[in-house]
Amino acid sequence: MLDAVDRRIVAATQAGLPLVCEPYRAIAEKLGLEEADIIARLKRLLGEGAIRRIGAIPNHYALGFTANGMSVWDVADDAVAGIGAKIGALDEVTHCYERPRHLPLWPYNLFAMVHGHTRDEVRAKVERIARLIGPAARAHDVLFSTRILKKTGLRIAA
């Protein structure tokens, strides 16, 4: 559970750390706190899972990864966790998760996002995933992104 100071720290960092030599010091000065307190609280929030990670988030479009395909897979429900873990461990998959099927129109229960410079590159990566899964994948497809509607993480008020 976040206290009022935690909320202020999260609010001050959720759009990104300041691009300065000492970002935690800059946040501390902005909030009227000590740098060590900022660092200690962020470590605690990481340990508790309230914050998943602190790291750089590249804009893959600006880096030239403009072909983005959500690969969707129909695998046995009792195998989805194991197969999902294998797919999620691949470098070319940025996120992988299970979703419910919507039969008879939507048989897919496993989703894995793949990025590339071209659609052919994405299709090649998806085929590597298909070889990894083997016959456990009863069917699959790729849904390519056509535009970005929103791209931000959760934002909270202080």
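Contact between Gly88 and Cys96 at its shortest, heavy atoms only, is CA-CB, 4.0 Å. Ala67 and His117 make their closest contact through CB-C, 4.1 Å (heavy atoms, listed as atom of the first residue, atom of the second, distance). Summarising the geometry of Leu90 relative to Leu132, their closest heavy-atom pair is CD1-CD2, 3.9 Å, with the distance given to 0.1 Å. Across every non-hydrogen atom of Gly116 and Val122, the tightest pair is N-CG2, 3.5 Å.
Using a 4.5 Å heavy-atom threshold, the side chains of Ile54 and Leu17 count as touching. Annotation: side chain of Asp77 is in contact with side chain of Arg101 (closest heavy-atom distance under 4.5 Å). Counting only heavy atoms from C-beta outward, the side chains of Thr94 and Asn68 never approach each other to under 4.5 Å. Annotation: side chain of His140 is in contact with side chain of Glu127 (closest heavy-atom distance under 4.5 Å).
Between Val126 and the options Val72, Val142, Asp141, a side-chain contact (heavy atoms from CB on, under 4.5 Å) holds for only Val142.
Ring orientation note: the planes of His95 and His115 are tilted relative to one another, at an angle of 30° to 60°. The aromatic rings of Trp106 and Tyr108 sit perpendicular to each other, their planes meeting at more than 60°, with 30° as the lower class boundary.
The hydrophobic cluster containing Ile27 also contains Leu46, counting ILVMFWY residues as joined when their side-chain heavy atoms lie under 4.5 angstrom apart, directly or transitively. Note: the hydrophobic cluster containing Val10 also contains Leu33 (ILVMFWY, side chain heavy atoms under 4.5 Å, direct or indirect links). Side-chain heavy atoms closer than 4.5 Å link hydrophobic residues (I, L, V, M, F, W, Y) into clusters, and following such links, possibly through other members, connects Leu31 to Ile51. Hydrophobic cluster membership is shared by Val93 and Val80, with clusters built from Ile, Leu, Val, Met, Phe, Trp and Tyr side chains linked at under 4.5 angstrom.
Side-chain atoms of Ser71 come within 3.5 Å of backbone atoms of Ala112 as a donor-acceptor pair (strictly under, hydrogens ignored). No donor-acceptor pair closer than 3.5 Å links the side chain of Arg7 to the backbone N or O of Leu2. Here the side chain of Gln14 pairs a donor or acceptor atom with the backbone of Ile156 at under 3.5 angstrom.
Atom CD1 of Ile148 sits in a crowded spot, with more than 12 heavy atoms from other residues, nucleotides or ligands closer than 6.0 Å. Remark: Arg155 CZ is packed, more than 12 non-hydrogen atoms of other residues, nucleotides or ligands lying under 6.0 Å away. Counting heavy-atom neighbours within 6.0 Å of Leu103 CG, excluding the residue itself, gives a total above 12.
Ion pairing of Arg41 with Asp37 is present here, as a side-chain N (NZ or NE/NH1/NH2) and a carboxylate O approach within less than 4.0 Å. By the 4.0 Å N-to-carboxylate-O rule, Glu121 lies close enough to Lys125 to be salt-bridged with it.
If you take CZ on Arg147 and CG on Leu149, they are separated by 5.0 Å, rounding to the nearest 0.5 Å. From Asn109, atom CG reaches atom CH2 of Trp73 across 12.0 Å, with rounding to the nearest 0.5 Å. Put simply, CD on Glu22 and CD on Glu29 are 8.5 Å apart, with the number rounded to the nearest 0.5 Å. Rounded to the nearest 0.5 Å, atoms CD1 (Ile129) and CD (Glu92) are 5.5 Å apart. Note: Ile9 CD1 to Leu45 CG = 7.0 Å, rounded to the nearest 0.5 Å. With rounding to the nearest 0.5 Å, the separation of CG in Leu110 from CD in Glu98 is 7.5 Å.
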For this session: Assess whether side chain to side chain contact (heavy atoms under 4.5 Å, CB included) is satisfied between Thr118 and Arg123, documenting all intermediate values.
Result: CA-CA 9 Å; Thr118 66; Arg123 287 185 189 100; over 6 Å; no

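A cation-pi geometry, defined here as NZ or CZ lying under 6.0 Å from the six-membered ring centre and within 45° of its normal, holds between Arg119 and Phe144.
Under the side-chain hydrogen bond (donor to acceptor under 3.5 Å, both in side chains) criterion, the residue pairs touching residues 129-138 are Asp74-Arg138, with sequence neighbours excluded.
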